[in-house]
Amino acid sequence: MRRNILITGASSGLGAGMARVFAGMNRNLALCARRTDRLETLRDELLRDHPDIRVSIRPLDVDDHDAVFETFRAFDSDLGGLDRVIVNAGMGKGQPLGTGYFYANKQTAYTNFVSALAQMEAATELFRAAGQGHLVPISSISAFRGFPRNLTTYAASKAGLATLAEGLRADLVGTDIKVTTIYPGYIRSEINEKVKKTPFMVDTVTGCRALARAIEKEPAEASVPAWPWVPLGAAMRHMPLRFISRMA
């Protein structure tokens with residue numbers, strides 16, 4: 001059992017939702033995000049509802065890469081070792097290429113890929129020293145194809161993250177360090193709360209329970225929720241672009 005779990009981007013959305021689910025499984029948690037007031041509120045809630053667990057919180061902007069390594073090492077010390085790290089922190093903003101918003105697309109690419117690389121480096125460094133661990137990068141169902149409009153850079157960054165995870169998984173074959181890439185479908189969170197008409201959207205609680213179940217199984221990859229994203233994800237890989245263009 002992965003007793004001590006670190007979740008980045010844990011102050012809201014899927015990060016906070018997964019923290020609640022894993023707390024219900026009696027796991028100790030290391031939670032970090034930029035918004036410390038929300039982390040404090042979440043910690044107090046989790047300890048109230050689950051007094052037998054330990055919850056450590058620390059502020060972290062994942063774009064500060066030196067701080068990523070420092071914070072992960074501090075959490076490792078806080079809990080006496082980390083068994084699982086969920087690389088959840090990310091950026092959802094973006095605009096169509098060529099429309100004057102390079103700064104927004106650059107920020108999305110930087111946070112979702114380069115800063116995810118920093119988190120994966122920091123986690124894997126700890127796992128190599130311990131001889132075991134479970135690394136869980138949170139990608140996206142959009143990583144399966146190139147997407148148009150506001151999702152173009154986001155999808156590309158999540159595809160890069162998935163490829164990075166696969167390379168690391170290949171590097172760690174035969175070890176006790178596991179890498180699970182999660183591809184969430186449409187799960188309601190703060191990042192998409194203003195999007196009203198998205199097909200197959202599930203609420204945050206349902207989505208986070210499905211995420212936790214998939215993570216617990218420790219597969220190489222998982223599309224979540226499994227229905228409809230396992231069959232739909234497979235179909236997406238072969239759809240003509242005119243169909244993909246309608247999904248964004």
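- Side-chain contact between N105 and L97 is present, with at least one heavy-atom pair separated by less than 4.5 Å.
- Distance CD1/I141 to OG/S223: 4.0 Å, rounded to 0.5 Å.
- Between R58 and E70, no side-chain nitrogen of the basic residue sits less than 4.0 Å from a carboxylate oxygen of the acidic one, so the salt-bridge criterion is not met.
- Heavy atoms of other residues, nucleotides or ligands lying less than 6.0 angstrom from OH of Y101 number 12 at most.
- At least one donor-acceptor pair under 3.5 Å links the side chain of N4 to the backbone N or O of G81.
- Using modelled atom types and a 3.5 Å distance limit, the side chains of N88 and T8 yield no donor-acceptor pair.
- A heavy-atom distance below 4.5 Å is not found between the side chains of M1 and M25.
- Using a 4.5 Å cut-off on side-chain heavy atoms (C-beta onward), M239 and M236 make contact.
- Atom NZ of K106 is separated from atom OG1 of T111 by 11.0 Å, given to the nearest 0.5 angstrom.
- Between the side chains of D203 and T206, at least one donor N or O lies within less than 3.5 Å of an accepting N or O.
- Taking Ile, Leu, Val, Met, Phe, Trp and Tyr as members and joining any whose side-chain heavy atoms lie under 4.5 Å apart, directly or through other members, the hydrophobic cluster of L168 also contains L6, L60, V62, V68, F72, F75, L79, L82, V85, V87, Y110, F113, V114, L117, M120, L126, F127, L135, L161, L164, L172, I177, V179.
- Each of E166, K158, R169 was compared with T181 under the side-chain contact (heavy atoms from CB on, under 4.5 Å) criterion, and only R169 meets it.
- Rounding to the nearest 0.5 angstrom, the gap separating the CZ atom in R35 from the OG atom in S11 is 4.0 Å.
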Check: Does the side-chain hydrogen bond (donor to acceptor under 3.5 Å, both in side chains) test come out yes or no for T41 and D44, once each step is laid out?
Finding: CA-CA 5 Å; T41 300; D44 294 346; 5.9 Å; no
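- In this structure, NZ in K93 is found 12.5 Å from CG in N150, a value given to the nearest 0.5 Å.
- The shortest heavy-atom contact between L42 and A19 is CD2-CB, 4.3 Å.
- Residues that satisfy the salt bridge (Lys or Arg N to Asp or Glu O under 4.0 Å) test with R145, not counting sequence neighbours, are absent from this structure.
- Between W229 and Y186, the two ring planes are perpendicular [angle over 60°; tilted spans 30° to 60°].
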Next item on the list: Go through the steps to decide whether H50 and E45 satisfy the test side chain to side chain contact (heavy atoms under 4.5 Å, CB included), and finish with yes or no.
Entry: CA-CA 8 Å; H50 309 282; E45 172 198 327; over 6 Å; no
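- In terms of heavy-atom proximity, L39 sits nearest to A33 at CD1-N, 3.5 Å.
- Tracing side-chain contacts under 4.5 Å through hydrophobic residues (I, L, V, M, F, W, Y), one reaches F243 starting from L151; they form part of the same cluster.
- Listed by chain and number, the residues in a salt bridge (Lys or Arg N to Asp or Glu O under 4.0 Å) with R2 are E218 (sequence neighbours excluded).
- Shown here for T71 and P59, the closest heavy-atom pair between the two residues is OG1-O, 4.1 Å.
- In this structure, the separation between OG on S245 and CZ on R149 is 6.0 Å, given to the nearest 0.5 Å.
- Looking at heavy atoms from C-beta onward, V55 lies out of side-chain contact with N28 at the 4.5 angstrom threshold.
- D171 has a carboxylate O that lies under 4.0 Å from a charged side-chain N of R128, or vice versa, which qualifies the two as a salt bridge.
- Residues P231 and A226 come closest through the heavy atom pair CD-O, 3.7 Å.
- Contact detail for P137 and T180: the closest heavy-atom pair is CD-O, 3.0 Å.
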Notebook entry, point to check: Stepwise, does the side chain to side chain contact (heavy atoms under 4.5 Å, CB included) test hold for C32 with I57?
Noted result: CA-CA 6 Å; C32 54; I57 63 170; over 6 Å; no
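- Between the CG atom in L46 and the CG atom in L29 there is a gap of 6.5 Å [rounded to 0.5 Å].
- Under a 4.5 Å side-chain heavy-atom cut-off, the cluster of Ile, Leu, Val, Met, Phe, Trp and Tyr residues that includes V173 has no other member.
- A donor atom on one side chain and an acceptor atom on the other are not found under 3.5 Å apart for T36 and E40.
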Check: Stepwise, does the ring pair (Phe, Tyr, Trp, His ring centres under 6.0 Å) test hold for F144 with Y183?
Finding: CA-CA 9 Å; F144 291 170; Y183 301 95; 4.8 Å; yes
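- When the side chain to side chain donor-acceptor pair (under 3.5 Å) test is applied to E121, no partner is found at least two apart in sequence or on another chain.
- Scored by the salt bridge (Lys or Arg N to Asp or Glu O under 4.0 Å) test, E125 finds R73 as partners (sequence neighbours excluded).
- In this structure, L211 and P184 approach most closely via the heavy-atom pair CD2-CG, 4.2 Å.
- If you chain together hydrophobic residues whose side chains sit under 4.5 Å apart, V205 and I7 never meet in one group.
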Next item on the list: Take I215 and F22 through the test side chain to side chain contact (heavy atoms under 4.5 Å, CB included) and record every step on the way to the result.
Entry: CA-CA 10 Å; I215 291 168; F22 284 119; 4.1 Å; yes
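- Annotation: side chain of P96 is not in contact with side chain of T152 (no heavy-atom distance under 4.5 Å).
- Within the 4.5 Å cutoff, side-chain heavy atoms of H65 are placed close to those of S115.
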Next item on the list: Please test D63 against Q107 for side chain to side chain contact (heavy atoms under 4.5 Å, CB included), starting from the C-alpha separation and ending with a verdict.
Entry: CA-CA 10 Å; D63 289 340; Q107 181 63 66; 2.9 Å; yes
